[in-house]
Amino acid sequence: MGTGEPENRGADRTGLVAGLLLAAGSGSRLGRPKALVELGGERLVDRGARILGQGGCAPVMVVLGAADTTVAGALTVKNPDWSTGMGSSVRAGIDAVPDTVDALLVALADQPLVTAEAVHRLVEAYEQGARVAVATYNGNPRNPVMLGREHWSTVYSMAEQDVGARPFLRAYSHLVTTVACDDVASPEDIDTVEDLARLSEVLKGV
């Protein structure tokens with residue numbers, strides 16, 4: 001399945017829940033790859049990987065495409081098909097997961113207000129028996145998303161163009177455990193220069 005190529009960048013821990021950060025896009029509306037954009041002196045790709053690790057994921061994997069870089073403490077996965085959309089990054093990530101991992105926690109690099117506590121709540125849901133879980137904000141399912149290994153092949157087959165796990169979550173909603181995170185995080189994303197400026201101000205007040 002797919003052509004993801006994992007490269008060890010120093011992640012040496014392996015747990016049951018791996019973190020998968022999708023950071024392959026070119027940021028066409030922003031004018032540069034979002035992975036390399038700095039927010040509060042930290043690149044979005046580094047921030048996202050750090051949050052996944054602090055939330056309890058091991059290893060942390062980062063799917064890259066438009067930008068090629070190293071991410072401290074994370075495994076990087078190159079997605080040569082990144083221009084086709086998010087679906088190819090989900091597939092590249094699944095291809096690269098170590099055999100010992102039982103679940104994936106998928107997050108997006110351009111959502112910097114997702115916190116380690118939100119990630120931790122999804123990991124806790126897994127530890128309490130959930131096999132599919134999604135963070136909700138005001139009752140609306142967004143990211144991150146936790147996926148048990150037995151569902152990866154279905155997610156893989158449904159992840160196309162610019163969608164990731166969303167088609168799976170809709171088709172198999174009866175399997176989904178919802179985890180409220182609106183008190184500790186936000187799914188706001190960075191698409192434009194204006195978004196970047198606004199979220200920079202938000203983070204200054206945190």
Side-chain angles (χ1 to χ4, degrees), residues 2 4-7 9-11 18-55 57 59-94 96 104-116 118-119 122 134-135 137 140-145 159-166 181 185-206:
E5 299 176 10
E7 295 183 356
R9 297 299 187 186
L20 181 64
L21 185 71
L22 306 184
S26 64
S28 56
R29 294 174 60 190
L30 193 62
R32 49 186 161 148
K34 296 179 186 179
L36 306 183
V37 170
E38 288 196 5
L39 191 66
E42 184 177 31
R43 299 184 307 173
L44 291 180
V45 68
D46 296 317
R47 180 183 181 86
R50 174 175 60 80
I51 291 299
L52 286 173
Q54 290 177 346
C57 296
V60 173
M61 304 164 59
V62 178
V63 180
L64 298 171
D68 187 12
T69 187
T70 58
V71 182
L75 299 162
T76 57
V77 180
K78 293 182 179 179
N79 174 18
D81 300 319
W82 64 267
S83 61
T84 64
M86 188 190 305
S88 63
S89 289
V90 170
R91 295 193 301 272
I94 289 175
L104 268 181
L105 198 149
V106 184
L108 307 181
D110 67 353
Q111 294 183 330
L113 301 186
V114 168
T115 62
V119 172
L122 289 175
V134 61
Y137 306 86
N140 299 311
R142 294 289 298 274
N143 291 294
V145 174
E160 297 181 351
Q161 298 181 358
D162 204 30
V163 294
R166 191 185 315 147
C181 292
S186 168
E188 290 188 76
D189 56 8
I190 295 175
D191 283 327
T192 65
V193 174
E194 290 75 18
D195 292 337
L196 179 59
R198 178 171 52 82
L199 294 190
S200 294
E201 289 302 314
V202 170
L203 283 174
K204 286 180 182 178
V206 173

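Worth saying up front: this structure is predicted, and the values here are computed from it rather than measured.
Looking only at side-chain heavy atoms (C-beta outward), Leu108 and Asp189 stay at 4.5 Å or farther from each other. Side chains of Val62 and Leu75 form no contact here, defined as non-hydrogen atoms less than 4.5 Å apart. For the pair Leu113 and Leu203, the minimum side-chain heavy-atom distance is below 4.5 Å.
One N or O on the side chain of Ser88 and one on the backbone of Asp81 form a donor-acceptor pair closer than 3.5 Å. Using a distance-only test at 3.5 Å, with no hydrogens or angles considered, a donor-acceptor pair links the side chain of Gln111 to the main chain of Pro187. Panel note: side chain Lys34, backbone Ala109; no donor-acceptor pair is recorded below 3.5 Å. A distance-only check finds a donor-acceptor pair linking the side chain of Arg47 to the backbone of Pro112 [under 3.5 Å].
Expressed to the nearest 0.5 Å, how far CH2 of Trp82 lies from OG of Ser89 amounts to 9.5 Å. Between the CD atom of Glu38 and the OG atom of Ser200 there is a distance of 10.5 Å, given to the nearest 0.5 Å. Here CG of Asp110 is found 11.5 Å from CD of Glu188. Values are rounded to the nearest 0.5 Å. Here CG of Leu20 is found 8.0 Å from CD1 of Ile94. Values are rounded to the nearest 0.5 Å. The line from OG1 of Thr84 to CG of Asn79 is 6.5 Å long, rounded to the nearest 0.5 Å. From Arg29, atom CZ reaches atom CG of Asp191 across 4.5 Å, with rounding to the nearest 0.5 Å.
Nearest heavy-atom pair, Leu21 versus Val45, reported as atom, atom and distance to 0.1 Å: CD2-O, 3.5 Å. Across Ala67 and Pro33, no two heavy atoms sit closer than the pair CB-CB, 3.8 Å. Residues Ala24 and Leu64 come closest through the heavy atom pair CB-C, 3.7 Å. Residues Ala49 and Ala74 share a closest heavy-atom pair of CB-CB, 4.4 Å. When every heavy atom of Gln54 is checked against every heavy atom of Ala116, the shortest pair comes out as CB-CB, 3.8 Å. Of all heavy-atom pairs between Val114 and Asn143, the closest is CG2-O, 4.1 Å.
Screening Asp46, Leu44, Leu39 for a side-chain contact (heavy atoms from CB on, under 4.5 Å) involving Glu42 leaves a single residue, Asp46.
More than 12 heavy-atom neighbours from other residues, nucleotides or ligands sit within 6.0 angstrom of CZ on Arg43.
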